[in-house]
Each structure stands twice: as structure tokens, then as C-alpha cells.
Amino acid sequence: MPTPVLQVQHLVKRFGEFIAVNDISFDIGPGEILGLLGPNGAGKTTTIQMLLGVVTPTSGSIRMFDLDLATNREEILRQVNFCSTYVALPQALTVEENLWVIARLYGLSYIQEQIDDIVKRLEMEEFRYKVTRKLSSGQSTRLGLAKAFLTKPKILFLDEPTASLDPDIAQKIRSFLKEERRSSGLSVLYTSHNMHEMEEMTDRIIFLQRGKIVAEGTAQEIAARFGQVDLEEVFVKLAREK
């Protein structure tokens, strides 16, 4: 069995007396799309922040590419990227300028060619020279995705990547992601509140509730475990439990 590209062991994060993430363990294999699912407040964002090195775990370990994140942060994060509908890039720069900044920060070569390629693939030509603060929510989302894919990461953390997109563009983004996974072996941690999207996109899902993993498996396996028809019914059932 291939070595996982991401290994999380007994991860805990406390904020005072509050336990946001409570002893979770999981891994992601090469080329795997792992869904991270749960209601608001379940611990998804805190988990991703720890994986990005933005928040320090209270205890537990995170390894990527068989290296410990705590002691190899710079080497690891050069191979990682992140996109969230809720995180904005500098608003005074144009789309093109923002992509240039990211490319320089990551030390990319042939920057203009790579920007041209990602702009074309994400259908951003019509707003590539627009100031970022004037973008629509859907355009901002595509800029975030362009930023994430531009650096050709080996692991990508996607936090509701299609939340602000119309159905046509959302489907194109999902197809784009599948092709990237197929062609480059990209591994992805994927969150969404669109249950049909989670069923379509993920190989496995871990379901968080109050900081703990309460279910793990394919969408069909999780639905069967809870005696529900599909993932959406499982989500509603667990979200309403006290």
C-alpha cells in the first residue's frame, strides 16, 4: 500500500476549556480526494488551519510527505496550497497582479506562461486585468482556485470551492479538479455543504461532529451505517442531534 501523503494522529486543539478538535486521526493517500464533512462548529476549519500550520495543535502529530509539519514547515508548505470561498486576496491588486505575487512567493519559473495557462483553463480571461475588489463572488472564487492550482501543489485543501459559483461554472471546476487529480496524482482534502457534490467528488469521507470523527467511509457506506437514503439525510440527522 502506498505511503499516505498526509497522516494525522490523535490531533487535539483546545481553546481554554473548549475542545474544538478532539483526538482525530486520518490519512490521505496519493491521488485521493478525502471529504471533510460536518455541521458548522464541528471543527473542520480548525482542522484545516492546523494542517496549514496557521494554528498550533494542543497535542497530536501531522505528517506530510513522511515529514513532520512541526519541524519541516517550510519544506512541506511549498508543496501545499489552499482555497476557501471565505478568504480574500489583496483587494487593491488586479487578478493578474495577485497571481504574479503568488508565483513569485512560491519561486515559480516561466510565470507568465503558467498564469496564461491557468487563466485560460478557469475561463478568467474577461476579468484577468480587473481590480480584485470589483470582482463578483463567483469571479473571486475562481481567482482563489487559480491561486491554489497555479503552484502545482501535491496536496490541496479546498474549503467549499464551488459555493459562490453558478451551476455551469461549478461543474466545470469539478471536471477540472478531476482532471488534475488524474493527470498529476493530486491529493485533496475537500469540504462542502453540497451533499451531492461530496458524493460525486470524494473517494472517502470523514464526518466530524463536536470535534470528533463519528463516521468514516464512502458516501454510500456512511448512509447505510446510519440507515439513511443518502448523505444529505445523514447530515440532517446528525446536525439535529444534541
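Throughout, residue positions are numbered sequentially from 1 according to the sequence presented.
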Anything under 3.5 Å between a donor and an acceptor, one on a side chain of residues 136-144, the other on a protein residue two or more places apart or in another chain? List them.
unit_1, atom_1, unit_2, atom_2, d
S136, OG, Q139, N, 3.2
Q139, OE1, S136, N, 3.0
S140, OG, S136, O, 3.1
T141, OG1, S137, O, 3.0
R142, NH1, E123, O, 2.8

Under 3.5 Å, sequence neighbours excluded: what are the donor-acceptor pairs made by side chains of residues 35-56?
unit_1, atom_1, unit_2, atom_2, d
K44, NZ, G38, O, 2.8
K44, NZ, P39, O, 3.3
T47, OG1, G43, O, 2.8

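Contact annotation: the side chain of R181 approaches that of I33 to within less than 4.5 Å [non-hydrogen atoms, C-beta and beyond]. Between H196 and E232, some side-chain heavy-atom pair lies under the 4.5 Å cut-off. Residues L177 and L145 have side chains not in contact (no heavy-atom distance under 4.5 Å, counting atoms from C-beta outward). Between P161 and Y190, some side-chain heavy-atom pair lies under the 4.5 Å cut-off. Looking at F26 and L11, their side chains never come closer than 4.5 Å, going by heavy atoms from C-beta outward. With a 4.5 Å cut-off on side-chain heavy atoms, L189 and I155 do not count as touching. Taking 4.5 Å as the limit, some side-chain heavy atom of K130 sits within range of a side-chain heavy atom of L135. Inter-residue side-chain proximity for H193 and M198 is flagged as unmet; no heavy-atom pair is nearer than 4.5 Å.
In this structure, K172 is not positioned above the aromatic face of F176 in the sense of NZ or CZ being under 6.0 Å from the six-membered ring centre and within 45° of the axis.
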Trace of the side chain to side chain contact (heavy atoms under 4.5 Å, CB included) decision for E160 with Y86: CA-CA 9 Å; E160 298 195 52; Y86 312 107; 3.3 Å; yes
Does the pair K178 and M201 meet the rule for a side chain to side chain contact (heavy atoms under 4.5 Å, CB included), with working shown? CA-CA 8 Å; K178 291 174 184 176; M201 294 300 300; 3.5 Å; yes
Test side chain to side chain contact (heavy atoms under 4.5 Å, CB included) on F157 and T191; report intermediate values, then the result. CA-CA 8 Å; F157 303 124; T191 81; over 6 Å; no
Carefully, step by step, assess R73 and I62 under the rule side chain to side chain contact (heavy atoms under 4.5 Å, CB included). CA-CA 10 Å; R73 186 173 183 274; I62 299 169; over 6 Å; no
Set out, in order, the CA-CA distance, both residues' side-chain angles and the distance that settles side chain to side chain donor-acceptor pair (under 3.5 Å) for N98 and T132, then state yes or no. CA-CA 8 Å; N98 265 310; T132 299; 2.9 Å; yes
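Residue Q228 holds its CD atom at 6.0 Å from NZ of K237, rounded to the nearest 0.5 Å. For the atom pair OG (S187) and CG (L34), the distance works out to 10.0 Å, reported to the nearest 0.5 Å. Between the OG1 atom of T151 and the CD atom of Q79 there is a distance of 10.5 Å, given to the nearest 0.5 Å. Interatomic distance, CZ of R133 versus CG of L93, reported as 10.0 Å (0.5 Å rounding). With values rounded to the nearest 0.5 angstrom, S61 atom OG is found 8.0 Å from Q7 atom CD. Between the OG1 atom in T218 and the CZ atom in R225 there is a gap of 12.5 Å [rounded to 0.5 Å].
Minimum heavy-atom separation, E199 to A219: CG-CB, 3.7 Å. Looking at every heavy atom in both residues, I111 comes nearest to A103 through CG2-CB, 3.5 Å. Taking every heavy atom of both residues into account, K212 and I24 meet most closely at CA-CG2, 4.2 Å. Taking each heavy atom of A148 and C83 in turn, the nearest pair found is CB-CB, 3.9 Å. The minimum heavy-atom distance between A223 and L231, with the atom names listed, is CB-N, 4.4 Å. When all heavy atoms of I173 and L122 are compared, the closest pair comes out as CD1-CD2, 3.4 Å.
Under the 3.5 Å distance criterion, the side-chain polar atoms of T94 are left unmatched by any main-chain donor or acceptor of V131. Under a 3.5 Å cut-off, the side chain of T162 and the backbone N or O of L165 do not form any donor-acceptor pair. Judged by distance alone, with hydrogens and angles left aside, the side-chain atoms of D117 form no donor-acceptor pair with the main-chain N or O of E113 at under 3.5 Å. Panel note: side chain Q209, backbone L238; a donor-acceptor pair is recorded below 3.5 Å. Between the side chain of E17 and the backbone N or O of F15 there is no donor-acceptor pair closer than 3.5 Å.
In this structure, I213 is a member of the same hydrophobic cluster as L6, with clusters built from ILVMFWY side-chain heavy atoms closer than 4.5 Å. Linking Ile, Leu, Val, Met, Phe, Trp and Tyr residues whenever their side-chain heavy atoms come within less than 4.5 Å places L186 and I102 in a single cluster. Following chains of ILVMFWY side-chain contacts shorter than 4.5 Å, one can reach M124 starting from L108, so the two form part of one hydrophobic cluster. Under the 4.5 Å side-chain contact rule for hydrophobic residues, L67 and I28 share a cluster. By the criterion of side-chain heavy atoms lying less than 4.5 angstrom apart, applied directly or through intervening Ile, Leu, Val, Met, Phe, Trp or Tyr residues, F235 is grouped together with I205 in one hydrophobic cluster.
Open room surrounds NZ on K120; 12 or fewer heavy atoms of other groups in view lie less than 6.0 Å from it.
Salt bridge status for E74 with R78: present, with a side-chain N to carboxylate O gap under 4.0 Å.
In this structure E179 satisfies the side-chain contact (heavy atoms from CB on, under 4.5 Å) test together with R182, S183, sequence neighbours excluded.
A donor atom on one side chain and an acceptor atom on the other are not found under 3.5 Å apart for D66 and T3.
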